[in-house]
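Below is one structure, written out as structure tokens; the observations come after it.
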Number of protein chains: 2
Amino acid sequence: MILPLNQIIEGDCIEVLSGFPEKTIDLIFADPPYNLQLQNELHRPNMTKVDAVDDYWDQFGSFQEYDEFTRKWLTACKRVLKPTGTIWVIGSYHNIFRVGTIMQDLGYWILNDVIWVKTNPMPNWLGVRFTNAHETLIWASIGKGAKYTFNHQAMKGLNDGKQMRSDWWLLSLATGAERVKDENGYKAHSTQKPEALLYRVILSSSNPGDIVLDPFFGSGTTGVVARRLHRHWIGI
Amino acid sequence: MILPLNQIIEGDCIEVLSGFPEKTIDLIFADPPYNLQLQNELHRPNMTKVDAVDDYWDQFGSFQEYDEFTRKWLTACKRVLKPTGTIWVIGSYHNIFRVGTIMQDLGYWILNDVIWVKTNPMPNWLGVRFTNAHETLIWASIGKGAKYTFNHQAMKGLNDGKQMRSDWWLLSLATGAERVKDENGYKAHSTQKPEALLYRVILSSSNPGDIVLDPFFGSGTTGVVARRLHRHWIGI
DNA sequence: TATAAAGGTGAATCCGCAC
DNA sequence: AGTGCGGATTCACCTTTAT
């Protein structure tokens with residue numbers, strides 16, 4: 001099979017990936033669903049809705065089901081990654097601990113956990129918790145001792161000449177022209193990630209000409225930024 | 001058994017806790033071993049050696065062994081917590097995902113994950129990763145729907161009158177007069193936490209007169225801050 | 001005494017090749 | 001796989017010493 005570059009493939013990511021040749025992808029950026037029940041809807045709930053739905057994990061069914069789903073797609077990703085490839089996964093406290101544990105269990109070697117600190121988060125209106133002002137990204141290679149790409153100098157250039165830290169201060173939402181809207185003017189994806197986030201992800205851990213895979217391709221930010229940075233991309 | 005307040009109990013925390021009466025603790029702050037799995041010595045560019053954490057208590061043979069240990073002490077903690085009690089656990093990417101997963105599996109209900117962003121972290125000398133500039137805290141109640149204490153106004157007071165966020169910008173370590181040292185002037189404990197961190201933890205989620213338990217009592221920061229805030233404390 | 005310069009150090013999964 | 005070595009690599013804060 002020849003990889004279909006720079007296009008979107010419709011379908012379940014686990015099935016689609018099973019048709020890919022192994023060891024061909026340089027970089028994966030994954031924004032998995034928090035909730036299996038809503039997985040097949042057009043959009044997933046944003047964090048506000050998740051917090052409001054206090055039956056979150058009940059809807060979900062069980063941790064076991066989510067873990068099984070997570071293990072499957074992470075396994076599929078590991079198969080298609082090059083030996084030098086790395087993967088980024090983003091999540092919140094609802095799911096990121098389970099994702100991280102499974103990644104370690106599957107042999108992924110965590111290189112960093114990066115905190116996306118939101119400069120303009122949604123307040124916690126009831127004042128019963130701390131304002132949820134961040135999301136967590138895990139960056140990992142396929143195993144201990146594996147080589148990987150890290151463009152240290154490029155990252156320094158984005159941080160006043162000092163080495164980039166694991167906390168990234170970025171706007172919380174894609175806004176304005178960056179925001180993808182449908183024909184009615186409504187936002188098409190409630191969990192759209194800002195381009196600045198993908199810019200750092202792709203620039204730091206891949207090189208021009210590399211293949212970037214997004215198994216949970218939402219609004220297409222990954223493709224937009226990959227193209228701008230002269231990387232090939234595949235969205236599922 | 002009458003709880004031994006405001007003192008340190010020597011011994012293994014799991015064993016000690018088994019002797020405690022159940023449902024008596026208001027707040028737990030736990031700083032468990034991180035399972036760093038450091039391989040080699042690390043040197044700065046000027047060839048001086050970094051004094052790393054290589055304490056015996058941080059040695060685990062496998063994830064499985066670490067998980068088992070974690071499940072045991074978290075279970076013991078859950079037994080002694082009041083129905084309105086909450087627990088804080090701090091860790092890094094080496095262990096926090098496993099801790100979070102096990103907490104969810106045991107029925108703890110995560111209220112927040114809080115990021116301690118360090119103002120002065122140790123750099124990544126070789127420039128092969130992002131500077132590890134934060135640690136993660138998980139704050140949880142004993143179960144879904146459980147009542148708990150959150151001093152919203154007090155937290156606003158520490159944040160210029162605005163809602164306290166889930167990212168805390170604090171100094172990276174206890175230094176100077178705050179750092180506990182032995183008679184030779186050497187650091188008494190390798191992982192002492194700053195008082196400002198414990199101040200926020202204890203102030204936010206307990207009330208004067210409450211009992212604060214630290215099952216991995218190291219240098220005693222928890223006791224110092226608890227006393228200052230007029231809480232009882234127990235260190236193991 | 002005040003200011004400046006120099007030195008020390010921190011929970012870190014920190015290289016890559018040849019032999 | 002274990003060892004040796006060439007070479008590229010650092011941030012913020014605190015303490016001590018020097019001017």
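Note that the structure is a prediction, hence the values are computed from the model and not measured. Reckoned from all heavy atoms, side chains included, excluding hydrogens, waters and symmetry mates. Lettering follows sequence order; numbering is per chain, from 1.
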Inset, instruction - Carefully, step by step, assess A/D210 and A/R231 under the rule salt bridge (charged side-chain N to carboxylate O under 4.0 Å, His left out). - result: CA-CA 5 Å; A/D210 279 0; A/R231 274 73 164 168; 5.7 Å; no
Inset, instruction - List the steps, then state whether side chain to side chain donor-acceptor pair (under 3.5 Å) holds for B/Y66 with B/N95. - result: CA-CA 9 Å; B/Y66 186 80; B/N95 71 322; 3.0 Å; yes
Legend entry - B/E195-B/T221 side chain donor-acceptor pair, cut-off 3.5 Å: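 Looking only at side-chain atoms, B/T221 and B/E195 do not form any donor-acceptor pair under 3.5 Å.
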Inset, instruction - Using the C1' atoms only, state how far C/dT9 lies from D/dT10, rounded to an integer number of Å. - result: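 The same atom, C1', in both gives a distance of 12 Å.
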Inset, instruction - In whole angstrom, give me the gap between the C1' atoms of C/dA11 and D/dT15. - result: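 To the nearest whole Å, 23 Å.
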Looking across every strand, which nucleic acid part, if any, lies under 4.0 Å from [X] by heavy atom: base, sugar-phosphate, or nothing?
X      : result
B/T119 : sugar-phosphate
A/K156 : sugar-phosphate
A/N112 : nothing
B/N132 : sugar-phosphate
A/I110 : base
B/Q37  : base
B/D51  : sugar-phosphate

Inset, instruction - Identify the nucleotide, in any strand shown, that forms a Watson-Crick or G-U wobble pair with D/dT19, with both distances under 3.5 Å; if there is none, say none. - result: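 Across all strands, the one nucleotide that pairs with D/dT19 is C/dA2.
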Legend entry - Ionic contact status for A/D160 with A/K162, cut-off 4.0 Å: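 A salt bridge is absent here (no side-chain N lies under 4.0 Å from a carboxylate O).
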Inset, instruction - Would you mind telling me which residue lines up with the more 5' stretch of DNA chain C, B/T48 or A/G145, judged by nearest nucleotide? - result: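 Looking at the nearest nucleotide for each, B/T48 comes out on the 5' side.
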Legend entry - Reading 5' to 3' through nucleotides 1-8 of chain D, protein heavy-atom contacts under 4.0 Å coded B for base, S for sugar-phosphate only, - for none: -------B
Legend entry - Pi-cation contact, A/F97 with B/R98 (under 6.0 Å, within 45°):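 Judged by the rule (NZ or CZ under 6.0 Å from the ring centre, within 45° of its axis), B/R98 is not positioned above A/F97.
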Legend entry - B/W233 six-ring face occupied by B/R227 cation (under 6.0 Å, within 45°):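 Judged by the rule (NZ or CZ under 6.0 Å from the ring centre, within 45° of its axis), B/R227 is not positioned above B/W233.
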Inset, instruction - Can you check whether any acceptor in the base of C/dT13 is under 3.5 Å from a donor in the side chain of B/R129, or vice versa? - result: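 Per atom types, the contact qualifies.
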Legend entry - Side chain B/R44 and base C/dG10 donor-acceptor under 3.5 Å: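 Looking at the base of C/dG10, it does pair with a donor or acceptor on the side chain of B/R44 (distance under 3.5 Å).
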From [options], pick the nucleotide closest to the side chain of [X]?
X      : options                : result
A/Q153 : C/dC17, D/dT9, D/dC11  : D/dT9
A/H152 : C/dA12, D/dT9, C/dA11  : D/dT9
A/K147 : C/dG16, C/dA11, C/dC14 : C/dG16
B/L42  : C/dC14, C/dA11, C/dT13 : C/dC14

Inset, instruction - Report the relative orientation of the aromatic rings in A/W139 and A/W88; use parallel for angles under 30°, tilted for 30 to 60°, perpendicular for over 60°. - result: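 Ring orientation of A/W139 relative to A/W88: parallel.
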Inset, instruction - Take atom NE2 of B/H134 and atom C1' of D/dA12, then tell me their distance rounded to the nearest Å. - result: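 To the nearest whole Å, that distance equals 18 Å.
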Legend entry - C/dT13 pyrimidine/purine six-ring stacking with A/W109, under 5.5 Å and 30°: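 Given the distance and angle limits, yes, they stack.
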Inset, instruction - Would you mind calling C/dT13 syn or anti? Take O4'-C1'-N9-C4 for purines or O4'-C1'-N1-C2 for pyrimidines, and syn is within 90° of 0. - result: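 Syn conformation here, the glycosidic angle of C/dT13 being no more than 90° from 0.
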